[in-house]
Amino acid sequence: MKGDLIPDRDYISRYCSAMQCTEEGQVTGAAFQIRPSDKYLSVNWLEFLCLGNRQEEIREVRRILSSKLTLGAKAKIAVLNVGNILNYVRSQSPDSRNLSVFHEPEENDPSHSGIYGLQSEDHLIADLIAEIVQETYPAR
Amino acid sequence: MNHSLLPQDVTSKDYLIPHVPAGASNVEYEMHEVWENKLSNLIRREQSEKISLDLIRLYLPWKQIFEADSSTCRPHFEIKRETYPIEEVSEDKKVLNITSYIRDQSNICFAHRLANRLEFLVEASKEEHPDEVAILLDSLRNFVRFLQSASNLNYPDVVLSPSKNIRAQWRTGPNRHFAAEFLTTGDANFVIFSPDPKHPEKTIRLSGLVSVDSLIDTVEPHGVLAWSSR
């Protein structure tokens, strides 16, 4: 439901363009920066999809994203644990930043969610988040 | 639509075509001082863009183009403004021109690899956002200027920010991380994760905004050159 806080134990995925990955395919902090006009960083809540395993969740995320975006041939889908994001950023950022992850469902993207508490100039925090990416998958 | 122009009306966007009156082609003319200054400035300013004013010089010998009427400053050879007949150089084309410059003419020691990487980023950017500029030109210019001035830096990971600025990253570990996003303004947003000199088991994490000219001087005291340069 819109505005629900996503539990720490759950996982989110983030679409990472090839423009924001290294030549070796590693996701960099640029994938977790937001534009000045954005209120939050868009992600998908994987447990909300109620599928059996990660492969099925990623397949569904690909399907959803492909209806909204042009998925790059070398783009990635990064998977992160919500609790890890919040704890790592709080403990390692110079201002002990508190982030929150809320459910932000959209009509054709019911698992859509947002990481709140980021500003467009928060490059250091974006780089911290990139450090705790747990898994990456090809975006298509 | 054509119309005659006076020197003060000419802008750098104009495509100017000298109009030669019938029977005038064998007459030598002196360019009026006002026109000469105006056109010289425009040509100098626009030289890198290969603006069509250059074509004037090809079309007729430089000193034979105009003669001014001293009362109106109107040239004897009329200058006309027409719809720009050749495609304007797009931002993306300018970016690719810079990558060619990097590969063929720059003193950057990893020039070829960098040019290939930039071309990949242009392709990736256009693949996902075909209607947007691939890379912000001034960001790329500032990045190249930085690399040319800091010539002993290692090859960085080069990516694009969501705003299409160049972001370069020199990272060899969680506590050896230096990243800089090159803004179009001539400034750079930087991030450093480096070992605490007094407590090497701890990590210093800091970020800031400085001019590209001051970037190395700002980050160097934090030891970043130990892992980002040769």
Side-chain angles (χ1 to χ4, degrees), chain A residues 14-42 65-66 68-76 78 88-97 118-133 138-140, chain B residues 110 113-114 116-136 139 155-183 187-194 202-209:
Chain A
R14 165 75 178 164
Y15 175 76
C16 306
S17 163
M19 295 175 273
Q20 281 126 26
C21 297
T22 68
E23 287 168 60
E24 292 75 33
Q26 278 193 312
V27 175
T28 73
F32 300 99
Q33 290 180 9
I34 63 172
R35 296 176 193 246
S37 56
D38 294 336
K39 290 181 181 168
Y40 54 80
L41 186 76
S42 281
L65 292 177
S66 64
K68 300 165 66 175
L69 311 167
T70 302
L71 304 184
K74 295 194 173 177
K76 304 280 185 189
Y88 192 64
V89 169
R90 189 184 306 117
S91 63
Q92 304 299 324
S93 59
D95 61 356
S96 302
R97 183 73 57 90
L118 279 168
Q119 305 292 327
S120 61
E121 63 272 21
D122 285 334
H123 298 187
L124 187 152
I125 299 202
D127 285 357
L128 284 175
I129 297 174
E131 290 192 329
I132 50 168
V133 169
R140 68 182 199 199
Chain B
F110 40 76
R113 186 177 176 191
L114 177 63
N116 288 346
R117 174 63 178 167
L118 292 168
E119 285 167 357
F120 169 81
L121 290 173
V122 168
E123 274 181 35
S125 181
K126 297 308 275 187
E127 179 188 26
E128 293 190 27
H129 308 287
D131 300 329
E132 297 179 8
V133 292
I135 298 176
L136 288 179
S139 170
Y155 180 74
D157 289 315
V158 182
V159 298
L160 298 183
S161 73
S163 303
K164 304 291 180 66
N165 287 319
I166 292 284
R167 190 168 200 255
Q169 175 177 292
W170 292 261
R171 180 184 173 94
T172 57
N175 64 351
R176 285 174 176 77
H177 172 93
F178 166 44
E181 179 173 333
F182 294 83
L183 308 182
D187 292 334
N189 264 313
F190 69 87
V191 175
I192 298 171
F193 301 163
S194 66
K202 295 184 177 181
T203 300
I204 293 174
R205 291 191 174 85
L206 54 94
S207 60
L209 177 70

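Proteins get letters first, then strands, A, B, ... in listed order; numbering begins at 1 in each. Values reported hereafter were calculated over all heavy atoms of this structure, with side chains retained and with hydrogens, waters and symmetry mates removed.
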Please check: side-chain N/O of [X] versus main-chain N/O of [Y], any donor-acceptor pairing under 3.5 Å?
X: A/S17; Y: A/M19; answer: yes
X: B/S125; Y: B/A134; answer: yes
X: A/D122; Y: A/Q119; answer: yes
X: B/K126; Y: B/E132; answer: yes
X: B/R176; Y: B/F193; answer: no

Side chain, backbone, both or neither: which part of [X] has a non-hydrogen atom closer than 4.5 Å to chain A?
X: B/E181; result: side chain
X: B/R205; result: both
X: B/I204; result: neither
X: B/E128; result: both

- Item | Interface moiety of A/Q92 toward chain B, non-hydrogen atoms closer than 4.5 Å | both
- Would you mind checking which part of A/A73 comes under 4.5 Å of any heavy atom in chain B, side chain (CB onward), backbone (N, CA, C, O), both or neither?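 Answer is both: backbone and side chain atoms of A/A73 are under 4.5 Å from chain B.
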- Message: Can you tell me which of A/Q26, A/Q20, A/E24, A/R35 forms the most heavy-atom pairs within a distance under 4.5 Å of chain B?
- Response: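 Most heavy-atom pairs within the cutoff with chain B belong to A/Q20.
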- Message: I need the residue from A/L69, A/I34, A/T70 with the largest number of non-hydrogen atom pairs under 4.5 Å to chain B.
- Response: A/T70
- Quick one: CD1 on A/I125 to CZ on A/F32, what's the gap to the nearest 0.5 Å? 13.5 Å
- Query: Is A/E131 close to B/P174 at the side-chain level, that is, under 4.5 Å between some pair of heavy atoms?
  - Reply: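 A side-chain contact exists here, since the closest heavy-atom pair is under 4.5 Å.
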- Item | Contact leader toward chain A among B/R117, B/E123, B/Q169, where contacts are heavy-atom pairs under 4.5 Å |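 The residue among B/R117, B/E123, B/Q169 with the greatest pair count is B/R117.
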